[in-house]
Every structure is written in C-alpha cells, then in structure tokens.
Protein chains: 2
Amino acid sequence: MAGRGPYAKGLARRAEILSAALDVVAENGYSRSYVNDIAERVGLTHTGLMHYFASREELYEEVIRARDVSDRTAYTTGARGVEGYFAVIEHNRHVPGLVQLYAEFSADAAHPGHPSHAFFVERYAYLREALARDVELAQADGAMGATADPTEVAELLIATADGLQVQWLHDHRIDMAGRLRALWRALCLASHVRDAAREDARKGAGDD
Amino acid sequence: MAGRGPYAKGLARRAEILSAALDVVAENGYSRSYVNDIAERVGLTHTGLMHYFASREELYEEVIRARDVSDRTAYTTGARGVEGYFAVIEHNRHVPGLVQLYAEFSADAAHPGHPSHAFFVERYAYLREALARDVELAQADGAMGATADPTEVAELLIATADGLQVQWLHDHRIDMAGRLRALWRALCLASHVRDAAREDARKGAGDD
DNA sequence: GTCTATAAAAGGATAGAC
DNA sequence: GTCTATCCTTTTATAGAC
C-alpha cells in the first residue's frame, strides 16, 4: 500500500511545493518568484523547503519535469500523434504559471553556463524527436505529404508553440492551439502540393 | 554641425552604454547582467551610468527601442515587405546579445505589473500591424493568396520568429531566417490552394 | 557629468539544534 | 523533517561632493 511512512509524506510535500511554485510564478513571474514565498505558501520556512531541493533552479527544473511526465500520460497516449501536442498547448491556457515559467526559465537557461542549460537542450532534443515521429505517422496515413521533412516540421511546430505562448502571456485573447492547428493544416496542404509537383516532375522525366 | 557641446557627448555616451549592455547580456544572459558590469565596461561607475537611465528596465527598454529604429531604417525601407522582417531575423544571428535580451526580457515583461509590460504590448501591436500590411502587399502582387488573413499570418510569423530565436540560442546551428522563409512559402502555397478551392466552390454554386 | 560613500534590501545558501 | 540563526554576496538606488 502506498502512503506508508515518511517516504510517501515526503513525496506529497514535494508535489505540494511544485504546485505552490507554479502559483507564485503565475502571480509574480519567474524572475520575481522567491524560494521564500513558495515556502511560506506551503507552511514551511525557506530552510525547510531547501531540504527537498538543492537550489532554486533545481526546484523549477522539477516543476517542468513533473509537468512533462503528467502531460505525456494525459495527452499523448494512444495514437493521437501531433494532436496530443496540440492538446497540451490547449490545456496550458489553464496553467498560466507554467507558461510563464517555461517562457522565462527556458530563455534564461538558453545561455550556456546556466545550471539548467543541459536540461533544456535535452528536452528540446527529446521533444523534437517525439514530434518528428508523430509527423511520420501523419505522413503514413496521408495527412501530411511525403515531401515534408519530419524534423523540420517538428522544429517549426515547437518554435511556433513557444512563440505563441509568449504572445498569449501578453494577451490572453490569443488562441494558441487554434493558431497551431491552423499552421499544421497549412503545412499539410503545402506538402501535398509539393508531392503533386514532384509526381508531375517524375512523370515528365519518364517521358524522355 | 552635429557633435557640438555636451549634448552630443551625452548621446554618444548613451549609445556606448546601450552597446555595452548587449555585450554583457551576450556573455552572462539578461538575468545576470548587472548595471555595474555595464558601467565598468564603458569606464563608468554604477552611479555614473544611472545618470543616463532611471532604472535597469529602462536601460534595456532603450536597447530594444534603439535596435528597432536602426533595424527599421536598415532593413525595412523601400518595398521589401515581409522580406525586410526576414532580413532582420537573419541579421540577428550576428547579435546574440540582442536575441538573448529579447527572449528573456520579453518573457519577463509578459507579466502584468512588470515596468516594461506596456512597452512590449505596444511593440507587439505595432509589429503585428506592420507585418499585416506587408502580407497585404504580398497578396496584392499574388505571392500570398487572397484567402489568407493578414493579421493571422503576421501573428504566426512573429510567434515562429520568436520561438526560433530561443531555439537558436540553445543551438546556433539552427537557420532562423531559413526556417522562417520556409514557413512563409508554405503559407503562400496553402493560401493559393484555398483560393483555388474557393473559386471552384463559387463556380459550382453558379451552376445551380 | 562623474565619483565616493552608503543605504537598503534581499535573496540564496549553510550550520547546527530540536 | 523542520526550524532558528546567521552569513555571504549581490544589486539597485540615492545623497551629496567635486
């Protein structure tokens, strides 16, 4: 039975802290979210909280990591393909703290030498490959044309999703998922046109 | 004759400070760029620098503002349309400090209550409208189909450019402008397909 | 216009008790 | 597992002299 002893209690506490961190970020932004404020919110002192995380950056890394795991199980299971990714982006509108954290933290960590730089580099690589495979699935069932490069499409989707989230932070009227799906449809359409053009060229060459 | 008196000297100093700020951001990232370091770099003390700018945020706002002005005169003059925007993004690869600053600062300022929040909101609005007009020009000369919504295309271009810049910060091998132009071509292609579809529908309706 | 000095605040991290 | 106390370091900002 899970829930026995201090181990389970520690895990629950960690989860509580991660959730509180998102609340604080939603209220103050990442750069003005202080460990102290988070600790207060869960009824701990600064030091008490530091028992669970070695540093501020590690704490926020954990927030992203935990979200990635839960998003993955909730939205990308089964054969949903790219739609799973769109669903995550759509859901993010209910988690402003996460969007704010991600935007600031990932930009901050873009700098080499940042303690979380490697984490984000790996995360991008993972996400890119996962999405590229989803694009391949879409190509297999004909939604996306064969001429499209899966990795390029994946990078474009990620870039656009990231940018849309920053725009959404500035103006919540923006429909992030809607825009992203529109991009996807346009890319599908364009790839089919290119497939047809290539087919024509092949036939033309065959006539020689 | 420009260059007379303390006025011109002050302007030169300001420009020097803005340039030094970009260097420091390139080296340390925005969140770890301190007024003191910038002052040192231009041979001033912290206090000496604060004579020119009221606060840290104002200084960085000025950096972006100054860049916007120079980019505008250098790349978007004449009838270059969206290509002017792509050229700016392409050039940004030579200004890593600017890209880093923009990514971090704009994400930071996404939070309402940030001293530069209004600045970025207005900047987005301006950029969106300027690009939407460029899209309309492209529609006028046939590059972009009539079915495309200029504002939607503009928002998509901005979002993608922003996201690509963050990705580029993490991995300089990414060809920001190349990817953005590929997106543009796909959007053009897709809009033409939709134009044709709409035309077909119109003719079909006419047959009734 | 620039400096010295200093405020003022804080924000992250650690040692050691309970 | 959590707290008290404290440290260390930084960063921004201001007052006032030169």
Side-chain angles (χ1 to χ4, degrees), chain A residues 2-21 23-25 27-63 101 104-105 108-109 111 113-117, chain B residues 3-21 23-25 27-63 101 104-105 108-109 111 113-116:
Chain A
R4 165 172 41 80
Y7 186 59
K9 189 181 168 191
L11 281 182
R13 204 45 143 172
R14 281 178 74 94
E16 199 187 347
I17 292 168
L18 298 181
S19 168
D23 293 344
V24 175
V25 171
E27 282 171 30
N28 306 331
Y30 166 70
S31 72
R32 277 164 304 285
S33 290
Y34 309 120
V35 179
N36 218 335
D37 300 338
I38 303 170
E40 230 173 74
R41 192 162 301 226
V42 295
L44 279 180
T45 59
H46 173 220
T47 333
L49 194 153
M50 294 306 273
H51 174 72
Y52 297 91
F53 304 94
S55 70
R56 183 178 186 263
E57 283 86 5
E58 193 188 288
L59 192 167
Y60 286 111
E61 233 186 80
E62 278 307 311
V63 174
L101 170 64
E104 285 190 64
F105 195 28
D108 196 8
H111 205 266
H114 187 285
S116 294
H117 182 66
Chain B
R4 163 171 43 81
Y7 186 60
K9 188 180 169 192
L11 282 182
R13 210 32 150 181
R14 282 178 73 94
E16 198 187 347
I17 292 167
L18 297 182
S19 168
D23 294 344
V24 174
V25 171
E27 283 171 31
N28 306 331
Y30 166 70
S31 70
R32 277 163 304 284
S33 290
Y34 309 120
V35 180
N36 216 339
D37 300 338
I38 302 170
E40 231 172 73
R41 191 161 303 225
V42 295
L44 278 180
T45 58
H46 171 223
T47 333
L49 194 152
M50 294 305 275
H51 174 73
Y52 296 91
F53 303 94
S55 69
R56 182 177 186 263
E57 283 86 4
E58 193 188 288
L59 192 167
Y60 285 111
E61 233 186 78
E62 277 309 309
V63 173
L101 170 65
E104 285 192 63
F105 195 29
D108 196 7
H111 205 265
H114 188 286
S116 294

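Because the structure is predicted, anything quoted here is derived from the model rather than measured. The chains referred to below are lettered A, B, ... by the order of the sequence lines, with proteins before strands, and numbering in each begins at 1.
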(message) Using 30° and 60° as the class boundaries, would you call the ring planes of B:Y30 and B:F105 parallel, tilted or perpendicular?
(response) tilted
(request) Please report, rounded to the nearest Å, how far the P atom of C:dA7 is from the NE2 atom of B:H46. (result) 16 Å
(request) Indicate whether OP1 or OP2 belonging to D:dT2 is found under 4.0 Å from a side-chain N or O atom of A:R13. (result) yes
(message) Just the rounded figure in Å: distance from C1' of C:dT14 to CG of A:L49.
(response) 15 Å
(request) Write down the distance between CZ (A:R14) and C1' (D:dT2), rounded to a whole number of angstrom. (result) 16 Å
(request) Nearest whole angstrom, please: distance from the P of D:dA15 to the CE of B:M50. (result) 12 Å
(request) Specify the separation, in whole Å, of atom CZ of A:R56 and atom C1' of D:dT10. (result) 14 Å
(request) Indicate the atoms forming the closest heavy-atom contact of B:I38 with B:L49, along with that distance. (result) CG2-CD1, 3.8 Å
(message) Please confirm whether the shortest side-chain N or O distance from B:H51 to OP1 or OP2 of C:dT2 is below 4.0 Å.
(response) no
(request) Tell me, please, which residues at least two apart from A:R14 pass side-chain hydrogen bond (donor to acceptor under 3.5 Å, both in side chains). (result) none
(request) Round to a whole Å and report the spacing from OH of B:Y52 to P of D:dT12. (result) 19 Å
(message) Quick check: do B:E62 and B:E57 have side-chain heavy atoms less than 4.5 Å from each other?
(response) no
(request) For A:L44, answer base if it contacts any base atom (sugar-phosphate contacts may also be present), sugar-phosphate if it contacts only those atoms, and nothing otherwise; contact means non-hydrogen atoms under 4.0 Å. (result) sugar-phosphate
(message) Starting the side chain at C-beta, find the nucleotide from C:dG12, C:dA15, D:dA15 nearest to B:T47.
(response) D:dA15
(request) Round to the nearest Å and state the distance from A:N36 atom CG to D:dC7 atom P. (result) 18 Å
(message) I need the B:D37 CG to B:R32 CZ distance, nearest 0.5 Å.
(response) 12.0 Å
(request) Mark yes or no for a side-chain to base donor-acceptor pair under 3.5 Å between B:S55 and D:dA13, with no hydrogen or angle criteria applied. (result) no
(message) What is the distance, to the nearest angstrom, from the OH atom on A:Y30 to the C1' atom on C:dG11?
(response) 13 Å
(request) Would you state whether a donor and an acceptor, one from the side chain of B:T45 and one from the base of C:dT4, lie under 3.5 Å apart? (result) no
